[in-house]
Amino acid sequence: KSCQKPVDKYIEYDPVIILINAVLCKAQAYRHILFNTKINIHGKLCIFCLLCEAYLRWLQLQDSSQNIDPDDLIRYAKEWDFYRMFGIASLEQTSFLFGIFITLRWMRPEMLKTKSDFILLLKALLLSTYGKLLLIPAVIWEHDYTPLCLAFIKVFVLISNSQAIRVTLNLNRMLPWLAIIFGLILENGVVCLFQKMGWDV
């Protein structure tokens, strides 16, 4: 009221500009998306990203010398390995998020007091995994640099997660990264557990 200007400048911006700024990991764009828009695609986005990740892992399990016949599409739809990869990706994602919540709850217990605080942070983290959608073009345009592309996608998702934590809880840069590192440690622990059980991850 005192300055007669909108507090959130993105209210006046076109959605494409907001999306570009979110891709550039600008904190104010994240703030706008999380607090001033009514986006309810968190669950769907999470499942779609997990499906992309599961498909990528399932594709890496397949023998590259195998002939892909169009008649085999029905057989591929019945592949249980894909569902197993989806389950493993889901458990890894859950352990990553669990690690973040444990770290933040331990280091700043006053931050996550209510259920709505947890839900808001969960929604922010799920939305910030949108970078995993880049797995689709990485799989479609498969080339020699695919492992490097996948590494860049992983780094981009982690940066987005960091920004989501910063914006949601109004923190400095250090604490979100500590939480993410602990989440990665827990996620890698789950991966090691599956490998010890003899599962391909």
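Scope of the values below: all heavy atoms of this structure, side chains included, with no hydrogens, waters or symmetry mates.
Under the rule for a ring-ring contact (aromatic ring centres under 6.0 Å, His included), the partners of Tyr55 that lie at least two apart in sequence or sit in another chain are Trp58. For Phe48, the ring-ring contact (aromatic ring centres under 6.0 Å, His included) criterion is met by no residue, not counting sequence neighbours. Remark: Ser90 engages Leu50, Phe86 in a side chain to side chain contact (heavy atoms under 4.5 Å, CB included) (not counting sequence neighbours). Checked against side chain to side chain contact (heavy atoms under 4.5 Å, CB included), Ile181 has the following partners two or more places apart in sequence or in another chain: Ile185. With sequence neighbours left out, the ring-ring contact (aromatic ring centres under 6.0 Å, His included) criterion links Tyr130 to Phe156.
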Return a table of donor-acceptor pairs under 3.5 angstrom between the side chains of residues 16-27 and protein atoms on other chains or two or more places apart.
unit_1 : atom_1 : unit_2 : atom_2 : d
Asn21  : ND2    : Tyr10  : OH     : 3.2
Asn21  : ND2    : Ile17  : O      : 3.2

Identify each donor-acceptor pair in which a side-chain atom of residues 102-112 lies under 3.5 Å from a protein atom, sequence neighbours left out, and give them as a table.
unit_1 : atom_1 : unit_2 : atom_2 : d
Thr103 : OG1    : Gly99  : O      : 2.8
Arg105 : NH1    : Pro109 : O      : 2.9
Arg105 : NH1    : Leu112 : O      : 2.9

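For the salt bridge (charged side-chain N to carboxylate O under 4.0 Å, His left out) condition, no pair includes a residue of residues 161-170, sequence neighbours left out. Residue pairs meeting the salt bridge (charged side-chain N to carboxylate O under 4.0 Å, His left out) criterion with at least one partner in residues 37-49, sequence neighbours excluded, are absent. Among pairs with a residue in residues 115-125, those fulfilling side-chain hydrogen bond (donor to acceptor under 3.5 Å, both in side chains) read Thr114-Ser116, Thr114-Asp117, at least two apart in sequence or across chains. The list of salt bridge (charged side-chain N to carboxylate O under 4.0 Å, His left out) pairs with a residue in residues 175-188, not counting sequence neighbours, reads Lys154-Glu187. Counting only residues at least two apart or in different chains, salt bridge (charged side-chain N to carboxylate O under 4.0 Å, His left out) contacts with residues 129-141 comprise Glu53-Lys132.
Under the side-chain contact (heavy atoms from CB on, under 4.5 Å) test applied with Val167, the options Gln28, Arg31, His32 reduce to a single match, Arg31.
Looking only at side-chain heavy atoms (C-beta outward), Leu133 and Cys49 come within less than 4.5 Å of each other. Considering only heavy atoms from C-beta on, Asn161 comes within 4.5 Å of Phe96 through its side chain. Contact check for Phe98 versus Val190: no side-chain heavy atoms found under the 4.5 Å cut-off. In this structure, the side chains of Leu45 and Leu126 stay at 4.5 Å or more apart for every pair of heavy atoms.
The minimum heavy-atom distance between Leu186 and Ser95, with the atom names listed, is CD2-O, 3.2 Å.
Atom OG of Ser128 sits about 7.5 Å away from atom CD1 of Ile165, to the nearest 0.5 Å.
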